[in-house]
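Step one of this worksheet: look at the structure below.
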Amino acid sequence: AVEFFGPKLLQGMSVLLTAGPTREAIDPVRYISNHSSGKMGFALAKAAADMGAKVTLVAGPVNLPTPNGVSRVNVESAQQMLDAVMPQVEQHQIFIGCAAVADYRIAEVAESKIKKSAEQMQLALVRNPDILASVASHANRPFTVGFAAETNDVEQYARGKLSRKKLDMIAANDVSNTNIGFNSDSNALTVFWSDGSTELPAVDKQTLAKQLLTLIANKITK
Ligand code: CTP
Ligand code: CA
């Protein structure tokens with residue numbers, strides 16, 4: 001109830017987020033992508049707006065309504081997501097990379113529909129740019145938070161990403177538990193930073209979003 005009286009925790013702050021999957025075209029009718037409902041990213045955008053922040057949400061193709069007060073930019077591919085994010089970086093104090101960005105794109109997108117012929121075919125793929133790492137290595141960088149979906153060795157991989165991408169914080173979810181995460185309405189996270197960590201146990205994504213943003217706000221103002 002405190003928030004009705006005192007200033008909201010993210011008042012005067014601006015938050016930039018990525019959410020949802022990206023889609024990488026193979027030809028005019030096909031693509032490769034990742035499982036991602038976008039629910040966690042949209043919950044974070046809503047929570048940030050509720051906590052008083054100005055919010056910009058760069059979203060891949062998802063079927064979700066834009067939360068009230070959130071300014072949304074729709075993109076499809078990882079390259080489009082990068083192009084939408086980078087010009088915004090300096091205007092925001094917090095960046096949260098929640099999108100399930102496709103790690104690879106098709107080397108040469110076919111201009112017309114590929115017809116089936118041989119029993120086997122190969123697609124050549126090339127690495128996509130890392131949006132989160134690009135934000136984190138920007139000269140005038142925001143407080144930068146990543147996500148890590150892991151099936152095993154969660155702490156080791158999450159801490160590896162935290163240091164390799166030079167992040168301030170990383171929120172890891174164990175996707176080997178199929179009841180939570182991905183398309184679910186609830187999720188659990190373990191959050192790591194350079195000299196600490198905390199568990200956010202399974203709860204609905206809207207509550208979890210508020211808890212994660214509270215943690216971020218406390219780290220920034222400390
Ligand atoms: N990410 C990104 N751009 C990419 C790949 C990932 O911004 N091209 C971000 C995701 O939004 C997430 C974080 O990086 O916040 C970690 O994504 P993840 O797929 O777990 O890590 P990767 O570095 O891609 O490593 P891997 O998939 O091999 O585990
Ligand atoms: Ca990846």
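Side chains included, hydrogens not; waters and symmetry mates left out as well; all remaining heavy atoms used. Position 1 is the first residue of the sequence, and the numbers go up from there. Every number for a ligand or one of its atoms is a count from 1 in the order of the listing.
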Taking only heavy atoms of the protein into account, state which residues are under 4.0 angstrom from an atom of ligand 1, in chain and number order.
-> Gly97, Ala99, Val101, Asp103, Pro129, Asp130, Ile131, Leu132, Gly146, Phe147, Ala148, Ala149, Lys161, Lys165
Should the pair [X]-[Y] be classified as a salt bridge under the 4.0 Å nitrogen-to-oxygen rule?
{"X": "Asp185", "Y": "Lys39", "result": "yes"}
{"X": "Arg141", "Y": "Asp168", "result": "yes"}
{"X": "Arg30", "Y": "Glu24", "result": "no"}

Exactly one of Val85, Val89, Val145 clears side-chain contact (heavy atoms from CB on, under 4.5 Å) with Phe95, and that residue is Val85
Partner of Phe143 by side-chain contact (heavy atoms from CB on, under 4.5 Å), out of Met169, His92, Met13 | Met169
Crowding at CG, Asp153 (>12 non-hydrogen neighbours, <6.0 Å) | yes
Non-neighbouring partners of Ser77 that pass side-chain hydrogen bond (donor to acceptor under 3.5 Å, both in side chains), sequence neighbours left out = none
Mind checking salt bridge (charged side-chain N to carboxylate O under 4.0 Å, His left out) for Glu155 and listing every partner two or more places apart, or none if nothing turns up?
-> Arg159
Quick one: give me the number of protein N/O/S atoms under 3.0 Å from the Ca ion (ligand 2).
->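 Excluding waters, the total comes to 2.
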Test item: Asn34 side-chain N/O and Ala100 main-chain N/O as donor-acceptor pair under 3.5 Å = yes
